[in-house]
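Have a look at the structure below before the remarks.
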Amino acid sequence: MRFFYAEISRAFQARDPEIVRRLVLPTCKTCKLYIDSITGIRDENQRFVGGGFAIKFAVAPADAGSTGTARVDVGFDYAGGQFVDAAGKVLLSEPAEKNVEEQVALSRVDGRWKVATVKTVTKK
């Protein structure tokens, strides 16, 4: 899972939505938001500065699924970032977040794991 989150960060820096698209299935709404955002900054000649995920844990529960599916529980801190236009003007600041937890559902497709869904875990 560290690779997946590192690739999201790399895709934003490179302004290349294909980096994320090749790792996910069309069922992942969160992934589509990432892809759309990356596409937007590329098309608008913007860039994203900062960001990054500090993975604290990535655990697959013992009963995570069958041979073709799995679930990974992921916890991370997210370093905030800024969307910046071509002139260097800050358009939007994204705050840092600590202790974020997500459940990532994976499906095996053509011998490779792909992200099917990403759901944020709401803490009580």
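Computed over heavy atoms, backbone and side chain alike; hydrogens, waters and symmetry mates excluded.
- Considering only heavy atoms from C-beta on, Asp77 stays 4.5 Å or farther from Val100 through its side chain.
- Atom OH in Tyr78 sits 6.0 Å away from atom CZ in Phe53 (nearest 0.5 Å).
- Counting only heavy atoms from C-beta outward, the side chains of Tyr5 and Val104 approach each other to under 4.5 Å.
- Using the six-membered ring where Trp is involved, Tyr34 and Phe12 have ring planes that are perpendicular, over 60° apart on the 30 and 60° scheme.
- A 6.0 Å sphere centred on NZ of Lys119 holds no more than 12 heavy atoms belonging to other residues, nucleotides or ligands.
- By the 4.5 Å heavy-atom criterion applied to side chains, Lys114 and Ser107 are not counted as neighbours.
- In this structure, CD1 on Ile41 lies 8.0 Å from CD on Gln13, to the nearest 0.5 angstrom.
- Considering only heavy atoms from C-beta on, Phe76 stays 4.5 Å or farther from Glu97 through its side chain.
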TODO: Could you check Met1 against Asp73 for side chain to side chain contact (heavy atoms under 4.5 Å, CB included), going step by step and ending with a plain yes or no?
DONE: CA-CA 9 Å; Met1 289 313 322; Asp73 296 338; over 6 Å; no
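- Within the 4.5 Å cutoff, the side chain of Val121 has heavy atoms near those of the Gln103 side chain.
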Sequence neighbours left out, cut at 3.5 Å: what donor-acceptor pairs do the side chains of residues 21-29 make with other protein atoms?
{"from": "Arg21", "atom 1": "NH1", "to": "Glu18", "atom 2": "OE2", "distance (Å)": "2.3"}
{"from": "Thr27", "atom 1": "OG1", "to": "Ala116", "atom 2": "O", "distance (Å)": "2.7"}

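- The backbone N or O of Pro17 sits nowhere less than 3.5 Å from a side-chain atom of Arg42 that would complete a donor-acceptor pair.
- Note: Ile19 CD1 to Ile35 CD1 = 11.0 Å, rounded to the nearest 0.5 Å.
- Checking each of Leu92, Val49, Leu91 against Val84 for a side-chain contact (heavy atoms from CB on, under 4.5 Å) leaves exactly one that passes, namely Val49.
- Summarising the geometry of Trp113 relative to Gly68, their closest heavy-atom pair is CZ3-O, 3.8 Å, with the distance given to 0.1 Å.
- Applying the salt bridge (Lys or Arg N to Asp or Glu O under 4.0 Å) criterion to Asp36, with sequence neighbours excluded, gives Lys32.
- Taking CD of Gln46 as the reference point, atom CG of Asp85 lies at 7.0 Å (rounded to 0.5 Å).
- In this structure, CD on Gln82 lies 10.5 Å from CD on Glu94, to the nearest 0.5 angstrom.
- Counting all heavy atoms, side chain and backbone alike, Arg47 lies closest to Gly88 at NH2-CA, 4.2 Å.
- Looking at Arg15 and Asn45, their side chains come closer than 4.5 Å, going by heavy atoms from C-beta outward.
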